[in-house]
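One-based numbering, in listed order, for ligands and for the atoms of each.
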Amino acid sequence: RFAPSPTGPLHFGSLVAALASYLEARAAKGKWLVRMEDLDKARAQPDAADDILRALERLGLEWDAPVLVQSARLERYRAALDELTRRGLAYPCSCTRKELEDSALAIDGARIYLGTCRHGLAPGKAARALRLRTHGAPIGFADAIQGWIEQRVEQEVGDFVLLRADGIIGYQLAVVVDDMDQGVTDVVRGADLLDSTARQIHLQRLLGARTPRYAHVPVALNAAGEKLSKQTGARPLDLSDPQAELARARRFLGQGENGWDLARVPRVRAICAPE
Ligand code: GLU
């Protein structure tokens, strides 16, 4: 599946993830699904979702089931949150951003949560977010491109947010519930999400979901070494010449002009995008 956040038009970095997941699904004679991860309304751009879908069509990347839109599934995420709370796995947290500032940084730049509210809120404190209890045993998986990846979520990330203080459902919960409900067997996506995968596997196990196979393709960087994104000024794709854009993405993924061989994808987390 390809799961873009509609924060802007499709750019080369998102095309790489879209194309790799599409070709892998086609090679496996499977279905390719598209999902709009539009829960963060402050980051979403009006029209971006439509623009992305039109761009995929223009590129000839056809999806095989109706597009799943996360903002239409709030009740489903709520039900998962309720279940995790009922089972004592999720708990309310009153910590403010300011209060978390002294904690060490996790690999993704967020703060490691030290479990302040794990055993209950301090007197007089109000719940802001909901967090998931984690454990210290390593969670590992064999990534089809990046090899064996392992993380001790409790030490390296901490109990993570399922429901944000602004009321928005956390990315990790939504992704796991959706992959489960959509019956996703294979996740092909950018290597910037490698460090989220152990969290997602932890949640899958708690929710009784099957862990899909993972393949994390290199992320495309600009000349300054930043991940291509709208924020770093990535140019939108030139849809007047879709074949040229597809050819660039194929080369980036180590492929020849035809076919698809996952084994040829460079086994690194990031590569500079060709100009
Ligand atoms: N929506 C996420 C992004 O655009 C991708 C999530 C995923 O593929 O799991 O970075």
- If you count the atoms of ligand 1 from 1 in the order shown, which ones are under 4.0 Å from a heavy atom of Tyr171? 6 (C), 7 (C), 9 (O)

- Note on the structure: Short version for Phe2: what comes under 4.0 Å of ligand 1, heavy atoms counted, is neither

- Any N/O pair Arg35/ligand 1 closer than 3.5 Å: no

- Task: May I ask you to check whether Tyr113 and Glu154 show a side-chain donor-acceptor distance below 3.5 Å?
- Result: no

- Sub-3.5 Å donor-acceptor pair from the side chain of Glu99 to the main-chain atoms of Thr96, do we have one? yes

- Query: Is the closest N or O pair between Asp192 and ligand 1 shorter than 3.5 Å?
  - Reply: no

- Query: Hey, what's the ring geometry for His216 with Phe141, parallel, tilted or perpendicular (30° and 60° as the breaks)?
  - Reply: tilted

- Message: Is a donor from one side chain sitting under 3.5 angstrom from an acceptor on the other, for Tyr214 and Asp186?
- Response: no

- Query: Is it true that the side chains of Gln182 and Arg35 contain a donor and an acceptor less than 3.5 Å apart?
  - Reply: yes

- Common cluster, Met36/Ile168, ILVMFWY with side-chain heavy-atom separation under 4.5 Å: no

- Note on the structure: of all protein heavy atoms, closest to atom 5 (C) of ligand 1 is Ala3 O, 3.3 Å

- Heavy-atom nearest neighbour in the protein, as seen from atom 3 (C) of ligand 1, with distance rounded to 0.1 Å: Ser5 OG, 3.7 Å

- Around atom 8 (O) of ligand 1, find the nearest protein heavy atom and jot down its residue, atom name and distance. Arg1 NH1, 2.9 Å

- Item | Contact partition for Leu193 relative to ligand 1, non-hydrogen atoms under 4.0 Å | side chain

- Looking at Arg189, which atoms of ligand 1 are within less than 4.0 Å of one of its heavy atoms? 7 (C), 8 (O), 9 (O)

- Task: Take Arg189 and Thr197 through the test side chain to side chain donor-acceptor pair (under 3.5 Å) and record every step on the way to the result.
- Result: CA-CA 11 Å; Arg189 62 183 176 186; Thr197 308; 2.9 Å; yes

